[in-house]
Amino acid sequence: MQKTRTAVITGSTSGIGLGVAHALAAEGHNVVINSYTDNDADHALAEEISAKHGNRTVYIQADMSKGEAARALIGKAAEAFGHVDILVNNAGIQHVAAIEEFPVETWDRVIAINMNSAFHTTAAALPMMREHKWGRVVNIASAHGLTASPFKSAYVTAKHGVVGMTKVVALETAEAPITCNAICPGYVLTPLVEAQLPDTMEKYGMDRETVVREVLLERQPSKQFATVEQIGGTVVFLCSDHAEQITGTTISVDGGWTAL
Ligand code: NAD
């Protein structure tokens, strides 16, 4: 029987993070879900996950745009469960604008949430992983961590940064039984992607179905979205014994995007 681990997933009340939370909960692990809000629905979501999988899930509020809060999330998770074994850096936002028009505050926010938060949570979690002689850091980067698209300068910059950080953390922990890898999804139909649809439909004068096929999935050769379950399953694999010697690398779940 596998050991029960404690997993923290940042930005996990919707989309990929929530899918990862369900996947790790289904393995029987303790799960901490997180977002920047603090309302009844967040705690109810944690209860829903526990009820579905019979594991222990709690919600801990922390704003990933703030370094201290990101570090405190790890401390609070350790208070709840003893320590942290699995860290999934998933919180992320998107903003689409030409670089000359990119609002400075939005640039800073995308970099803070999508990249800096992973620095803070990883720095806070590694000492516990070293002490307990086991750890898994999984960064949810993106196909945009390996390649670029116009009008997504902050996002592409942050995701390339996360891929670089993944390699450094892997090297610094190589002799400890700790691994650090990045998953690079192509398009997954989540609220983050849904939010980009109205503007794209207007820009190209296309209906939703055409925008999805001709614009979003244009670079995804499978012409299918990846699913949150597939990303969750990849995280579970990276946390398994089979993946013990996989570290410092990226796993693309992108329907062939980065093979182009
Ligand atoms: P989503 O918008 O569905 O979910 C994002 C989650 O992050 C939400 O739970 C939200 O509450 C939380 N969040 C936002 N700001 C936060 C903050 N300041 N502090 C804490 N939590 C915060 O997005 P998603 O599509 O599931 O994206 C999750 C991750 O996957 C992101 O890092 C994104 O860049 C990456 N990704 C997504 C896709 C895709 O196509 N959806 C593709 C590649 C990579």
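When a ligand or atom number is given, it counts from 1 through the structure's own listing order. Side-chain atoms are counted along with the backbone in the values below, which use heavy atoms only and exclude waters and symmetry mates. Throughout, residue positions are numbered sequentially from 1 according to the sequence presented.
Annotation: salt bridge (Lys or Arg N to Asp or Glu O under 4.0 Å) contacts of Asp42 (sequence neighbours excluded): none.
For ligand 1, the polar-atom distance check finds an N/O of Met64 within less than 3.5 Å of one of the ligand's N/O atoms. Note: an N/O pair closer than 3.5 Å links Thr13 and ligand 1 by distance alone.
In this structure, Ser153 OG and Glu100 CD are separated by 9.5 Å, a value rounded to the nearest 0.5 Å.
Within the structure, the closest approach of Gln94 to ligand 1 does not fall below 4.0 Å when heavy atoms are considered. For Val193, the heavy-atom gap to ligand 1 drops under 4.0 angstrom. Using a 4.0 Å cutoff on heavy atoms, Ala69 does not count as a contact of ligand 1.
Near Asp63, the atoms of ligand 1 lying under 4.0 angstrom from a non-hydrogen atom of the residue are 17 (C), 18 (N), 19 (N). Contact atoms of ligand 1 toward Pro191: 3 (O) (distance under 4.0 Å to a heavy atom of the residue). Taking a cut-off of under 4.0 Å to the non-hydrogen atoms of Ala62, the atoms of ligand 1 that pass are 19 (N), 20 (C). Residue contact check: Ile140 has heavy atoms under 4.0 Å from atoms 30 (O), 32 (O), 35 (C) of ligand 1.
By the criterion of a heavy-atom distance under 4.0 Å, the side chain of Tyr155, and not its backbone, is placed next to ligand 1.
Taking all heavy atoms of Gly92, Ala141, Gly186 into account, the minimum distance to atom 44 (C) of ligand 1 is reached by Ala141.
Ranking the protein heavy atoms by distance from atom 14 (C) of ligand 1 puts Tyr36 CE2, 3.8 Å first. Looking at atom 28 (C) of ligand 1, its nearest protein heavy atom turns out to be Asn90 OD1, 3.3 Å.
Hydrophobic cluster of Ile99: no remaining members, since no ILVMFWY side chain lies below 4.5 Å from it.
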